[in-house]
2 protein chains.
Amino acid sequence: MRALLCDPSLRYDSAYSEPILPPGEALIRVRLAGICNTDLELVAGYMGFRGVLGHEFVGEVVTASDPTWVGRRVVGDINAACYVCEMCLAGRPHHCPHRTTLGVQGRDGAFADYLTLPLANLHTVPDAVPDELAVFAEPLAAACEILEQVHLRPTDRVVVLGDGKLGLLVAAALRLTGADLTLVGRYADKLAIAAKWGVHVRRADVRWAGRSADVVVECTGHPDGFALARDLLRPAGTLVIKSTYHGRLSVDMSALVVDELTVVGSRCGPLAPALRLLEAGLVDPRPLIAATYPLADGEAAFARAGEPGVLKVLLRI
Amino acid sequence: MRALLCDPSLRYDSAYSEPILPPGEALIRVRLAGICNTDLELVAGYMGFRGVLGHEFVGEVVTASDPTWVGRRVVGDINAACYVCEMCLAGRPHHCPHRTTLGVQGRDGAFADYLTLPLANLHTVPDAVPDELAVFAEPLAAACEILEQVHLRPTDRVVVLGDGKLGLLVAAALRLTGADLTLVGRYADKLAIAAKWGVHVRRADVRWAGRSADVVVECTGHPDGFALARDLLRPAGTLVIKSTYHGRLSVDMSALVVDELTVVGSRCGPLAPALRLLEAGLVDPRPLIAATYPLADGEAAFARAGEPGVLKVLLRI
């Protein structure tokens, strides 16, 4: 089959081996997939991953031990857990130490004709949700994870730092709380997307140190995120770190302790609410689509996705 | 009056001006005071403080606008807030941006014959609590603050890093939760104090990377605290940073985000529950007293307090 590999540099392979279906898993024909910043990081060496890239997808079940799944259009939770270890039994399968992660760790991903995932990971896509919406279910779930971890109140002042695809999706999800939400970014065209959603927007190059935000969500991926966020956060406020990248965050101890800040790392989230938001039309990420490439042009697609300021690049499989 | 000053180095003054009583405040004759690591940091330049040091004390009210306070033995909340700003009105006077802090910022402290504090800050010490217990009310309140901020469950595995006076007091407070509590430290004699309280103890020099703790409380004051704590913390666990000191904490971004850790800065806490715990005998910090000096020997007391491994040094005023 065709596949786009991290080997360890990016490589398109027109004759990659088709996956062998493990018990309890479904064989899925990928329809549409999205390139995430994590994919760019993986190609740059993050996690030392080798194999098929891609973890944002929508596809169709081709083969499954439970035949009721066959033919269904699905998205999937990318973390495949063991469900028998202490962490899984404590209700945290996303943190299973034995987990594999689609296109990230120990498991081939979605930039290929086929992938496999456990049936337990699959979610049927409602008919009303077209592929170009469903492909955002995984990153939107990651945005929903913030709401799983932190209680955002309707009266809160919330700032999202970063107008990349993650920051915009986070803003799209968090605006639904009714909170007083501001997106801080660098690109007028991207800020305009959020402004159309009714989100306040601010240019990052205009200094703004209100120190009045209850919650700041860091989506820039810059190691100086803490210092930026600290200027905005009120004492006893919460900083959510959403960017997955390789590096170190430098935290001013005195600020953290004296101001009693809380810092929360946030990763993958729940797909079911993400699909509900997409189906209800409460989140419409289609303005984030910058381009769609065929899988065979995957290398060009990655080059495009890596350009500064480019939003979501999709791969039509 | 006699006073021990940060000027900016440590200096004993036998003829320092007595405080002028501001409206709404009480004049307090200090009886006993404790030296905290923050005092050592202040003398080293932290916060740029100048004035009378000391924020752990028990004293007797000499003068107050409300005469019912006169003669009472009291401890005091060290943060004097404005009670009219947005932060105060939101119920966070400890984070009032206009606050002064006894012996730390903008307000002379307790290592002197007299201090003043607002009446609103005072708590009457029950008769059953002697001075050498009451003097621990402030640092014990700081330990209680952890329980204000983080829900510790009786089934949690909790690790306290650091067997200094703060780490020991934190262990003394957290053991009351019924949680499976371990104190990690460097000194056999200090660990023995915690062991007598029924706390599990471990030597810091014996590597222990269980990654099974639900909550880790960092009380070592070392900038590598995050790395140490990370070895012990389970995914989605909580790291409480309790050490107030000047420096930067280096946080592995990938660990924070992939493992969805929460980092909570923690400072001053509520005095009323601290007094209740002392009165009930549930916390007895007297084994932490290393020495008691007269105020006039304050410089010797500071030298002693700064020696490695020395626990609480008190000043008899």
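All chains are named by letter (A, B, ...) in the order of the sequence lines, taking the proteins before the strands, and each is independently numbered beginning at 1. Quick note: numbers below take in every heavy atom, side chains included, and nothing from hydrogens, waters or symmetry partners. If you're wondering where the values come from, they're calculated on a predicted model, not measured in any experiment.
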Trainee: Side chain, backbone, both or neither: which part of B/Leu261 has an atom under 4.5 Å from a heavy atom of chain A?
Mentor: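 B/Leu261 touches chain A through backbone heavy atoms alone.
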
Trainee: So which of B/Gly265, B/Ala236, B/Ala90 has the biggest tally of heavy-atom pairs under 4.5 Å with chain A?
Mentor: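 Ranked by heavy-atom pairs under 4.5 Å with chain A, first place is B/Gly265.
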
Trainee: Could you tell me whether the side chain of A/Lys242 and the main chain of A/Ala142 form a donor-acceptor pair under 3.5 Å?
Mentor: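 Between the backbone of A/Ala142 and the side chain of A/Lys242 there is a qualifying donor-acceptor contact (under 3.5 Å).
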
Trainee: Is it true that A/Thr100 and A/Gln105 share a donor-acceptor pair across their side chains at a distance under 3.5 Å?
Mentor: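 Distance-only check fails for A/Gln105 and A/Thr100.
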
Trainee: List for me each residue that meets side-chain contact (heavy atoms from CB on, under 4.5 Å) alongside A/Leu228, sequence neighbours excluded, and say none if there are none.
Mentor: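 Result, side-chain contact (heavy atoms from CB on, under 4.5 Å) vs A/Leu228: A/Leu161, A/Asp224.
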
Trainee: Please identify each residue that fulfils side-chain contact (heavy atoms from CB on, under 4.5 Å) with B/Pro118, with sequence neighbours left out.
Mentor: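 Testing B/Pro118 for side-chain contact (heavy atoms from CB on, under 4.5 Å), a comparison that skips the adjacent residues, returns B/Glu25, B/Ala80, B/Arg107, B/Asn121.
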
Trainee: Heavy-atom pairs under 4.5 Å with chain A are the metric here; pick the option from B/Val240, B/Thr262, B/Leu239, B/Thr238 that has the most.
Mentor: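 Of B/Val240, B/Thr262, B/Leu239, B/Thr238, B/Thr262 has the most heavy-atom pairs under 4.5 Å with chain A.
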
Trainee: Out of B/Arg92, B/Glu260, B/Arg234, B/Met87, return the one with the most heavy atom pairs under 4.5 angstrom to chain A.
Mentor: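 Looking at each of B/Arg92, B/Glu260, B/Arg234, B/Met87 in turn, B/Glu260 comes out on top.
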
